[in-house]
Amino acid sequence: QVQLAESGGGLVQAGGSLRLSCAASGRTLSTYAVGWFRQAPGKAREFVAEISVGGVNTKYADSVKGRFTISRDNAKNTVSLQMNSLNTEDTAVYSCATSLFWTTDAAHYNYWGPGTQVTVSS
């Protein structure tokens with residue numbers, strides 16, 4: 001099994017930045033694609049970004065493209081999400097998850113972290 005733990009969330013003003021980290025334990029992350037998802041109150045969970053096993057390929061939701069950057073350090077067993085130019089619509093609980101597939105479908109992600117709250121104030 002893989003245990004995931006997110007960190008780096010918090011309260012930030014619109015236009016600001018945050019860097020989220022996803023740390024894995026139990027097993028190496030290096031054999032999984034890793035995705036970030038978010039869920040705002042009263043809304044469905046949505047895909048944010050994903051990174052391939054080797055880190056060569058990335059994919060972003062249109063709403064965050066150009067503002068967010070996903071990266072991974074397999075030696076440290078971590079994946080990060082750099083979030084710039086945040087706006088109030090980015091407020092949500094952000095979770096990282098692992099997948100054996102290259103997919104934006106949350107149903108195909110097998111291990112999930114508990115999430116970290118990101119709140120963007122206007």
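Since the structure is predicted, the reported quantities are computational estimates derived from the model, not experimental observations.
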Distance-only donor-acceptor pairs under 3.5 Å for side chains of residues 115-122, two or more places apart:
| from | atom 1 | to | atom 2 | distance (Å) |
| --- | --- | --- | --- | --- |
| Thr116 | OG1 | Gly9 | N | 3.3 |
| Gln117 | NE2 | Ala92 | O | 3.4 |
| Gln117 | NE2 | Thr119 | OG1 | 3.3 |

> What's the verdict on side-chain contact (heavy atoms from CB on, under 4.5 Å) for Arg19 and Met83, showing C-alpha distance, side-chain angles and the deciding distance?
Replying inline: CA-CA 6 Å; Arg19 186 177 181 86; Met83 306 186 298; over 6 Å; no
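Listed by chain and number, the residues in a side-chain hydrogen bond (donor to acceptor under 3.5 Å, both in side chains) with Thr98 are Asn110 (sequence neighbours excluded). In this view, Ser30 and Thr28 satisfy the side-chain hydrogen bond (donor to acceptor under 3.5 Å, both in side chains) rule, not counting sequence neighbours.
A chain of hydrophobic side-chain contacts below 4.5 Å, direct or via other Ile, Leu, Val, Met, Phe, Trp or Tyr residues, connects Leu100 to Val34. The hydrophobic cluster containing Val2 also contains Phe101, counting ILVMFWY residues as joined when their side-chain heavy atoms lie under 4.5 angstrom apart, directly or transitively. Transitive grouping of hydrophobic side chains (ILVMFWY, heavy atoms separated by less than 4.5 Å) keeps Val93 and Leu4 in distinct clusters. Note on Val53 and Tyr60: separate hydrophobic clusters, where clusters join Ile, Leu, Val, Met, Phe, Trp and Tyr whose side-chain heavy atoms are under 4.5 Å apart, directly or indirectly.
Rounding to the nearest 0.5 angstrom, the gap separating the CD1 atom in Ile51 from the OG atom in Ser80 is 9.0 Å. Taken from OG in Ser95 to CD in Gln39, the straight-line distance is 8.0 Å, to the nearest 0.5 Å. Here OG1 of Thr104 is found 11.5 Å from CD of Glu46. Values are rounded to the nearest 0.5 Å. A distance of 8.5 Å separates CD in Gln82 from CG in Leu18, rounded to the nearest 0.5 Å. Here NZ of Lys59 is found 7.5 Å from CH2 of Trp102. Values are rounded to the nearest 0.5 Å.
In this structure, Asn74 contributes its side chain and Asn77 its backbone to no donor-acceptor pair below 3.5 Å. A donor-acceptor contact shorter than 3.5 Å is absent between the side chain of Thr78 and the backbone of Cys22. Without hydrogens or angle criteria, Glu6 side chain to Cys96 main chain gives a donor-acceptor distance under 3.5 Å.
Annotation: side chain of Ser63 is in contact with side chain of Arg38 (closest heavy-atom distance under 4.5 Å). Considering only heavy atoms from C-beta on, Leu29 stays 4.5 Å or farther from Thr31 through its side chain. With a 4.5 Å cut-off on side-chain heavy atoms, Thr58 and Glu50 do not count as touching.
Within the structure, salt bridge (charged side-chain N to carboxylate O under 4.0 Å, His left out) contacts touching residues 62-72 (residues at least two apart or in different chains) are Asp62-Lys65, Arg67-Asp90. Here ring-ring contact (aromatic ring centres under 6.0 Å, His included) pairs that include residues 9-39, with residues two or more places apart or in two chains, are Phe37-Phe47, Phe37-Tyr109, Phe37-Trp112. Counting only residues at least two apart or on different chains, the side chain to side chain donor-acceptor pair (under 3.5 Å) pairs with a member in residues 7-17 are Ser17-Asn84.
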